[in-house]
Amino acid sequence: MSVLIFIDQSEGHIKKNALEAATYGNHLAQQMGVDANAVVLGNVQDDLTTLGQYGIKNVFQVADSALSNLDAQQYVAAISAAVEQANASVVVFSHNQTGKAIAARVAAKLKAGLVAGASALPVLNDGFVVKKSVFSGKAFAHVKVTSEKKVISINPNSYKIEANGSATANVVAVSVSLPSARVVVTNVEKVSGDVPLTEAEVVVSGGRGLKGPENWGILLDLAQVLGAATACSRPVGDAHWRPHHEHVGQTGVQIAPNLYIAIGISGAIQHLAGVNRSKVIVVINKDPEAPFFKAADYGIVGDAFDVVPKLTAAIKKLKGVA
Ligand SMILES: Cc1cc2nc3c(=O)[nH]c(=O)nc-3n(C[C@H](O)[C@H](O)[C@H](O)COP(=O)(O)OP(=O)(O)OC[C@H]3O[C@@H](n4cnc5c(N)ncnc54)[C@H](O)[C@@H]3O)c2cc1C
């Protein structure tokens, strides 16, 4: 028996979310007294043996170039083959876009119980009970999985990456006869930017309180000095003040950075649904009654046009940046 961790990659590089899943899966394997193995799809530039540092024993790689684009049916076929090879009883994914697209399909194929969006390791002394967030992060549910095989997707940024020593993993090539793709990717338009929003440690986000796109400079300056990704509320995206891919919330991207700075955003429930798993929330709003202050760890009541440049200048001074 083993725990099998799906290692998500992008353009040949292992994603940070995948290392969180690897650490989580390794800790689960230790609890269960079994091996932690991994599955990687497609060609990878990173050295897969380094996954040994995260407790991975064997990395099953299906290096078929057909897998360089996400096709759920092909991914499920490849992962199922690795499940068999690894004799896995638990499969772990990151609950990121890829995990959301395939974990449920893998669970259906394996006739496994699925916990989507887990936030802690399973408790094993009374069956297999996993904590997960529900109601847009407003509550937790404790879910008991009773099936023989189990699939868990772990919320991004909810489990700390731990690398130990210099152990190396064995890389095992797996060949799978993949079903033909029913969807063909003809063109990819990638969003450029230094830090992808879903993987950013720090996010600086703006709302309608900034009045218009011409005022975004103060927010971009703050983001730059913090090395942060930028985000916005939905009306800002809808009004094309900022690109749509920056819109966070219930109907936008869901993020969980270590620090989320909300500037001129009221804190509507639909906005909070996408950001309330952030570790620390700082709110800058001129209205002391703005609902966002209830969800904030730190709040500044003030005019953004006054507060934000001062904050940027203070951080620059602290960092010794001109
Ligand atoms: C089905 C549905 C789904 C939705 N999904 C989302 C979603 O995914 N994401 C999302 O964001 N919204 C979503 N919404 C919209 C949501 O309900 C709110 O309308 C929206 O979040 C409000 O955006 P805002 O806070 O930028 O604007 P506003 O509500 O207009 O708030 C602006 C804030 O800026 C403050 N302000 C004004 N001037 C200044 C200043 N000079 N300095 C500092 N503060 C200032 C004001 O006090 C106010 O609190 C959804 C709504 C529905 C119905």
Side-chain angles (χ1 to χ4, degrees), residues 95-97 99-101 116-117 133-139 155-158 191 193 195-200 202-226 228-315:
H95 194 58
N96 61 6
Q97 299 288 40
K100 284 177 189 171
S133 54
V134 289
F135 301 125
S136 298
K138 284 202 156 298
N155 268 332
N157 240 357
S158 60
V191 172
V195 196
L197 192 47
T198 48
E199 301 215 352
V202 182
V203 174
V204 177
S205 185
R208 217 151 34 178
L210 284 175
K211 315 283 190 255
E214 66 281 6
N215 296 325
W216 237 258
I218 54 168
L219 187 147
L220 298 177
D221 287 347
L222 178 60
Q224 195 188 19
V225 70
L226 289 170
T230 50
C232 67
S233 66
R234 174 170 156 172
V236 166
D238 286 351
H240 304 292
W241 293 1
R242 296 295 298 168
H244 268 297
H245 63 81
E246 286 195 2
H247 150 205
V248 288
Q250 184 184 318
T251 47
V253 183
Q254 291 171 17
I255 55 172
N258 290 337
L259 175 61
Y260 182 72
I261 304 179
I263 304 169
I265 303 177
S266 56
I269 181 98
Q270 297 89 353
H271 184 84
L272 290 176
V275 303
N276 60 7
R277 285 190 295 107
S278 307
K279 298 241 162 52
V280 175
I281 296 179
V282 176
V283 170
I284 302 171
N285 196 303
K286 70 175 185 184
D287 176 8
E289 302 297 324
F292 220 148
F293 283 120
K294 290 205 181 96
D297 297 282
Y298 300 93
I300 302 173
V301 179
D303 189 320
F305 298 100
D306 178 34
V307 173
V308 176
K310 283 185 183 157
L311 185 60
T312 306
I315 295 168

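Everything numeric here is computed off the predicted structure, so don't read it as measured data. Note that these values count all heavy atoms, side chains included, but never hydrogens, waters or copies made by symmetry. First listed ligand is number 1; within each ligand, the first listed atom is number 1. For reference, positions follow the sequence shown, starting with 1.
- Atom CD of Glu289 has 12 or fewer neighbouring heavy atoms from other residues, nucleotides or ligands inside a 6.0 Å radius.
- Ser133 and Arg277 are not linked by any side-chain donor-acceptor pair at a separation below 3.5 angstrom, with hydrogens and angles left out of the test.
- In terms of protein heavy-atom proximity, atom 3 (C) of ligand 1 is nearest to Arg234 NH1, 3.3 Å.
- Atom NZ of Lys294 has 12 or fewer heavy atoms from other residues, nucleotides or ligands within 6.0 Å.
- In the displayed structure, Glu199 atom CD is contacted under 6.0 Å by more than 12 heavy atoms of other residues, nucleotides or ligands.
- Remark: ligand 1 atoms within the under-4.0 Å shell around heavy atoms of Gly207 are 26 (O).
- Among protein heavy atoms, atom 22 (C) of ligand 1 sits closest to Pro235 CG, 3.8 Å.
- Here the shortest heavy-atom distance to atom 46 (C) of ligand 1, taken over Val301, Asn285, Asp287, belongs to Asn285.
- Nearest approach of Ala231 to Val203, heavy atoms of both residues: CB-CG1, 3.6 Å.
- The protein heavy atom nearest to atom 33 (C) of ligand 1 is Gly264 O, 3.4 Å.
- Between Lys279 and Pro257, every side-chain heavy-atom pair lies at or beyond the 4.5 Å cut-off.
- Residue Ser233 holds the heavy atom nearest to atom 26 (O) of ligand 1 of all those in Gly302, Cys232, Ser233.
- Crowding of Leu220 atom CG: a count of heavy atoms from other residues, nucleotides or ligands under 6.0 Å exceeding 12.
- Checked by distance only, ligand 1 and Val248 come closer than 3.5 Å through their nitrogen or oxygen atoms.
- Residue His271 holds the heavy atom nearest to atom 11 (O) of ligand 1 of all those in Gln254, His271, Gln250, Arg208.
- In this structure, atom 16 (C) of ligand 1 is in close contact with the protein, since a protein heavy atom lies within 4.0 Å of it.
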Exercise for review: Dump the intermediate steps for side chain to side chain contact (heavy atoms under 4.5 Å, CB included) on Val308 and Ile284, then the final yes or no.
Suggested key: CA-CA 8 Å; Val308 176; Ile284 302 171; 4.2 Å; yes
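- The protein heavy atom nearest to atom 5 (N) of ligand 1 is Thr251 OG1, 2.7 Å.
- When heavy-atom distances to ligand 1 are checked against a 4.0 Å cut-off, Ser266 comes that close through both its backbone and its side chain.
- The minimum heavy-atom distance between Thr230 and Leu197, with the atom names listed, is O-CD1, 3.7 Å.
- Between Ser158 and Asn155, the shortest heavy-atom contact is OG-O, 2.6 Å.
- Contacts of Phe292 with ligand 1, taken as heavy-atom pairs under 4.0 Å, are absent altogether.
- A distance-only check finds a donor-acceptor pair linking the side chain of Asn285 to the backbone of Ile265 [under 3.5 Å].
- Residue contacts with ligand 1, taken as heavy atom pairs separated by less than 4.0 Å, involve Ala268 solely via side-chain atoms from C-beta onward.
- Nearest protein neighbour of atom 45 (C) of ligand 1, counting heavy atoms only, is Lys286 CG, 3.7 Å.
- Polar contact with ligand 1: present for Ala304 (N/O pair, distance under 3.5 Å).
- Atom numbering of ligand 1 starts at 1 in the shown order; those under 4.0 Å from a heavy atom of Gly252 are 8 (O).
- In this structure, Gly274 has no heavy atom closer than 4.0 Å to ligand 1.
- Between Phe292 and Tyr260, the angle of the ring planes lies from 30° to 60°, which puts this pair in the tilted group.
- Near Phe305, meaning under 4.0 Å from any of its heavy atoms, are these atoms of ligand 1: 41 (N).
- If you check which protein heavy atom lies closest to atom 38 (N) of ligand 1, you get Lys211 NZ, 2.7 Å.
- Nearest heavy atoms, Ala304 versus Pro309: O-CD, 3.6 Å.
- Protein heavy atom in closest approach to atom 14 (N) of ligand 1: Gln270 CB, 3.6 Å.
- For atom 37 (C) of ligand 1, the nearest protein heavy atom (residue, atom name, distance) is Gly209 CA, 3.4 Å.
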